[in-house]
Amino acid sequence: MDEAISAPAGDAAADQPVNVYVWDMDETLILLKSLLDGSFAGHFEGVKDHEKGTEIGKRWENIILELCDEHFFYEEIENYNEPYLDALREYDDGRDLTKYDFEADCFSSPFDDVNKRKLAYRHRAIGDKYAKGLEKILDHHMVKVWSDLYSSTDKYTDGWLSSAHKLLEEALGKSTAEPAGKPLSINLIVTSGSLVPSIAKCLLYRLDDVISSDNVYSSWEVGKLQCFKWIKERYGGPNVRFCAVGDGHEECSAASIMKWPFVKIEIRPDAPHRFPGLSLSTIHGIMDAVYE
């Protein structure tokens with residue numbers, strides 16, 4: 001599986017221009033809340049079946065929770081949210097986890113150095129599973145359930161999920177239409193959701209080939225502005241251009257403070273920036289207006 005490009009801190013702009021795309025997740029790259037509360041269907045004035053949208057949303061809730069609980073230690077670590085998977089790297093001694101017994105290591109409070117190491121192990125294990133992909137995690141039955149749910153959601157939303165994924169592919173330069181000599185490009189997610197469910201969503205909504213696990217940030221406790229500042233520290237340089245894409249006020253405000261261009265996503269059928277519809281050329285036009 002191809003991984004999203006991730007440049008080391010301080011080196012991103014060493015040799016060539018870099019575009020860093022900072023995406024919101026919920027109601028931007030994916031749809032969930034608007035399906036559950038019926039607001040997505042409501043914008044279509046009777047064309048969309050409200051009950052079907054709500055049923056799809058509930059199925060997503062169930063499969064996200066199941067993945068988190070059964071494979072990502074969520075019942076143990078949900079009260080220890082970190083802003084990104086490598087946040088506790090200093091506590092990870094690199095121990096081989098192949099035969100490590102997570103059920104017997106007594107991870108619990110107090111959240112001292114010993115338990116931080118145990119949490120760091122779990123984060124590393126989650127990252128390893130993310131890199132392998134869901135087909136290596138789920139059984140054949142659950143793979144089919146997941147695949148059918150993705151397809152039915154994409155059909156109900158007129159291709160929102162697949163068109164968002166295609167745009168992230170194009171942002172990374174995977175499209176054959178991209179000209180030679182294009183800038184290095186990086187996709188990151190900054191989401192207000194907690195980290196582990198957000199990692200699970202990336203896998204379930206098929207974003208893992210365009211966004212690596214270390215490029216997912218949770219602003220749950222620290223806020224989006226802090227995450228944006230970390231990203232600027234990680235990738236900042238004279239040849240780097242940033243762009244934030246999302247539907248909410250918080251990311252818009254944070255982008256304004258950072259002096260980054262911002263693309264606002266709306267779910268209305270006639271909205272200028274939505275999926276399908278939003279193009280990389282539109283994003284680059286907004287970036288050019290700010291940077292040039």
Side-chain angles (χ1 to χ4, degrees), residues 1-14 18 20-25 29 67-68 71-74 76-98 100 102 105 107 111-134 136-137 168 172 184-203 207-237 240 242 244 251 254 258:
M1 179 179 293
D2 293 328
E3 271 200 11
I5 300 169
S6 178
D11 294 337
V18 181
V20 177
Y21 306 99
V22 183
W23 307 88
D24 179 41
M25 180 181 285
L29 296 178
L67 180 62
C68 289
H71 300 281
F72 289 167
F73 317 103
Y74 194 52
E76 293 180 323
I77 68 177
E78 63 177 317
N79 294 324
Y80 303 95
N81 186 63
E82 295 291 332
Y84 49 90
L85 279 183
D86 284 344
L88 298 175
R89 177 182 287 183
E90 63 181 294
Y91 297 97
D92 189 341
D93 56 12
R95 176 176 178 172
D96 183 0
L97 301 179
T98 305
Y100 184 81
F102 287 99
D105 72 351
F107 172 75
F111 197 42
D112 54 16
D113 287 0
V114 172
N115 281 298
K116 286 180 180 178
R117 184 175 69 249
K118 295 173 184 177
L119 180 56
Y121 288 168
R122 284 160 172 76
H123 281 182
R124 176 150 57 94
I126 290 170
D128 290 344
K129 290 182 178 181
Y130 187 98
K132 292 177 181 178
L134 276 187
K136 303 288 187 177
I137 301 174
L168 266 67
L172 290 180
L184 176 69
S185 299
I186 301 161
N187 286 326
L188 302 100
I189 280 180
V190 177
T191 174
S192 57
S194 56
L195 182 64
V196 172
S198 298
I199 295 287
K201 287 178 183 178
C202 280
L203 282 166
L207 298 172
D208 50 311
D209 65 330
V210 288
I211 297 174
S212 59
S213 61
D214 62 331
N215 281 352
V216 179
Y217 289 76
S218 167
S219 66
W220 179 272
E221 295 173 349
V222 300
K224 293 202 170 182
L225 178 59
Q226 177 59 68
C227 291
F228 284 15
K229 288 179 178 178
W230 282 331
I231 291 168
K232 178 68 180 295
E233 292 173 3
R234 183 180 177 190
Y235 293 108
V240 180
F242 298 87
E251 54 262 33
M258 299 296 291

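For this chain, numbers begin at 1 and follow the sequence in order.
Under the 3.5 Å distance criterion, the side-chain polar atoms of R117 are left unmatched by any main-chain donor or acceptor of D113. In this structure a side-chain-to-backbone donor-acceptor pair under 3.5 Å is missing from R95 to Y121. Within the 3.5 Å criterion, the main-chain N or O of M258 finds no donor-acceptor partner in the side chain of K232.
A salt bridge between R234 and D214 is present, with a side-chain N of the basic residue lying under 4.0 Å from a carboxylate O of the acidic one.
No more than 12 heavy atoms of other residues, nucleotides or ligands lie within 6.0 Å of CH2 in W220, so this atom counts as exposed by the packing criterion. In K229, the NZ atom is not crowded: 12 or fewer heavy atoms of neighbouring residues, nucleotides or ligands sit closer than 6.0 Å.
The two residues S192 and S219 have their closest heavy-atom pair at CA-OG, 3.3 Å. Nearest heavy atom pair, residue S218 against residue N81, reads OG-ND2, 3.3 Å. Pairing each heavy atom of L29 with each of I211, the nearest pair is CD1-CD1, 4.3 Å. Between L203 and G133, the shortest heavy-atom contact is CD2-CA, 4.3 Å. The minimum heavy-atom distance between D92 and R124, with the atom names listed, is OD2-NE, 2.7 Å. Minimum heavy-atom separation, L85 to H123: O-ND1, 3.2 Å.
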Y21 and L168: CA distance, side-chain angles, deciding distance, side-chain contact (heavy atoms from CB on, under 4.5 Å) verdict: CA-CA 9 Å; Y21 306 99; L168 266 67; over 6 Å; no
Test side-chain contact (heavy atoms from CB on, under 4.5 Å) on L119 and Y91 and set out the steps. CA-CA 9 Å; L119 180 56; Y91 297 97; over 6 Å; no
Between F107 and Y80, does a ring-ring contact (aromatic ring centres under 6.0 Å, His included) hold up when you go through it step by step? CA-CA 11 Å; F107 172 75; Y80 303 95; 5.2 Å; yes
query: Taking it one step at a time, do L67 and L134 satisfy side-chain contact (heavy atoms from CB on, under 4.5 Å)?
result: CA-CA 10 Å; L67 180 62; L134 276 187; 3.9 Å; yes
Q. After noting the C-alpha distance and the side-chain angles of V222 and W230, does the key distance pass the side-chain contact (heavy atoms from CB on, under 4.5 Å) rule?
A. CA-CA 11 Å; V222 300; W230 282 331; 3.9 Å; yes
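Annotation: the span from I189 atom CD1 to D24 atom CG amounts to 8.5 Å, rounded to 0.5 Å.
At a cut-off of 3.5 Å, with distance as the only test, no side-chain donor of Y130 or D208 sits close to an acceptor on the other residue.
Between Y84 and Y217, the two ring planes are tilted [angle within 30° to 60°].
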